[in-house]
Amino acid sequence: MRKEVVVSGIRSTGNLHLGNYYGALRNFVKMQEEDKYNSYFFIADLHALTTHPDPKMLHENVRDILCEYLAAGLDPEKSTLFVQSDVPEISEMYLLMNMHVGIGELMRTASFKDKARKQLGIKTDNDGDIEHEIIGNNTNKRVNAGLLTYPTLMAVDILIQHGNYVPVGKDQEQHLELTRRFARRFNSTYGVEYFEEPQNFNFGSEPIKIPGLDGSGKMGKSEGNCVYLVDDEKTLRKKIMRAVTDEGPKVPNSPKADSVENLFTLLRVVSSPDTVAYFEEKYNTCEIRYGDLKKQLADDILKVTLPIRERFFEIQNDEAYLARVVKMGAEKARETASKTLRDVREIMGFKPF
């Protein structure tokens, strides 16, 4: 019986943080231990090009994430670990799939609008301003076309391996829905039942969104509000102690400010239920000491990250091992990808003479 296929990846734009770990990487490790799955986990270096990385740093970032994958528990004997650009079939199928995707539906995605707004320096939430700046912009500011077609490339990453499940966080759910739409459209256009529609998978729980330390939004590299998996103890504690809070509740059972709720969200993820209950009670009785909460939070995060950090530096020095891992991963990933691309080309009418 065919095993169900799990596919997911993380962009190579810097070290991984707690959001990456709890939103994706921890599930990667769990899924590789399930005998009923074939797991494909990759480093998305082609996706990273939307931010114009320095060529030297692009390679270093790929290498670091590979080491972090391995340090967190991914096993190349149990999962297929590969670098996205090592599978050239992805790039060709990306071109073919883009022929079935509308510009309008890509421009309406929340992540595109958010990132385009930041790149163009637009302060309002008006979608018309974004479109006007993209089309009529005469300055040096521009939006990378790869950013617009990011959902297409993500869809290809999944569909080329015939993925059934994709463990993604909340911010990627819209892209996964687009993947399902593109699969349906391809099948409908050519009258085939070739692609299945992949589903999110989080072991029966809701996708986790890890908040940043600045009191707003999610944890992200570009926002500078991260706790990295390889942070040393001193750096990590300093970051947590500087996390945004408020002056504390004045009335029992007061609603929490967003910045404080963020800290409690982190606490619920990394700490025991007893610890969370203790600080909830202290907050509700107006006895909360944020310094104590932050110290406990740092202690509990370090229990997770320090073993990963230690293993990371061990792996980082083993060049021969890293080379074997990516070579083996590319070979395994290309087996399915090359067959899928051949099938897609034939379905679309590209046939040899």
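Counting begins at 1 with the first residue of the sequence.
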Would you give the length of the straight line joining atom [atom1] of [X] to atom [atom2] of [Y], rounded to the nearest 0.5 angstrom?
{"X": "T275", "Y": "D299", "atom1": "OG1", "atom2": "CG", "result": "10.0 Å"}
{"X": "H17", "Y": "D231", "atom1": "NE2", "atom2": "CG", "result": "11.5 Å"}
{"X": "S85", "Y": "H47", "atom1": "OG", "atom2": "NE2", "result": "11.5 Å"}
{"X": "I308", "Y": "L25", "atom1": "CD1", "atom2": "CG", "result": "7.0 Å"}

Side-chain contact test, heavy atoms from C-beta onward, threshold under 4.5 Å: evaluate it for [X] versus [Y] and give yes or no.
{"X": "F195", "Y": "T340", "value": "yes"}
{"X": "M97", "Y": "L153", "value": "no"}
{"X": "V344", "Y": "L96", "value": "yes"}

Could you walk me through whether Y40 and H162 pass the side-chain hydrogen bond (donor to acceptor under 3.5 Å, both in side chains) test, one step at a time? CA-CA 10 Å; Y40 292 81; H162 292 274; over 6 Å; no

For the rings on Y283 and Y278, is their centre-to-centre separation under 6.0 Å? no

Verify whether the ring centers belonging to F186 and F182 lie closer than 6.0 Å. no

Pair S111, H175 - check side-chain hydrogen bond (donor to acceptor under 3.5 Å, both in side chains), show working. CA-CA 9 Å; S111 62; H175 289 167; 2.7 Å; yes

Residues that E346 engages under salt bridge (charged side-chain N to carboxylate O under 4.0 Å, His left out), provided they are two or more places apart: none

side-chain hydrogen bond (donor to acceptor under 3.5 Å, both in side chains) between T305 and Y228: does it pass, once the steps are laid out? CA-CA 8 Å; T305 61; Y228 292 105; over 6 Å; no

Decide side-chain hydrogen bond (donor to acceptor under 3.5 Å, both in side chains) for N164 and Y37; before the verdict, give the C-alpha distance in whole Å, the side-chain angles of both, and the deciding distance to 0.1 Å. CA-CA 9 Å; N164 302 108; Y37 301 122; over 6 Å; no

May I ask you to check if K115 and Y150 form a cation-pi contact, with NZ or CZ under 6.0 angstrom from the six-membered ring centre and within 45° of the axis? yes

Quick one: does NZ or CZ of K256 land under 6.0 Å from the six-membered ring centre of F264, within 45 degrees of the ring axis? yes

Ring pair (Phe, Tyr, Trp, His ring centres under 6.0 Å), paired with F42, selected from Y69, F28, F82: F82

Salt bridge (Lys or Arg N to Asp or Glu O under 4.0 Å), that's the test. Do K332 and E335 meet it? Break it down for me. CA-CA 5 Å; K332 291 167 67 176; E335 287 179 15; over 6 Å; no

Cut-off 3.5 Å, side chains only: do E4 and N38 have a donor facing an acceptor? no

Side chains of D45 and S12: is there a donor and an acceptor less than 3.5 Å apart? no

Is it true that M241 and L293 fall in one hydrophobic cluster, defined by side-chain heavy atoms closer than 4.5 Å? no

Return the minimal non-hydrogen interatomic distance between P167 and A24, and the atom names on each side. O-CB, 4.3 Å

Residue from R180, R184, R181 passing side-chain hydrogen bond (donor to acceptor under 3.5 Å, both in side chains) with E197: R184

Does the pair K327/E331 count as a salt bridge with the N-to-O cut at 4.0 Å? yes

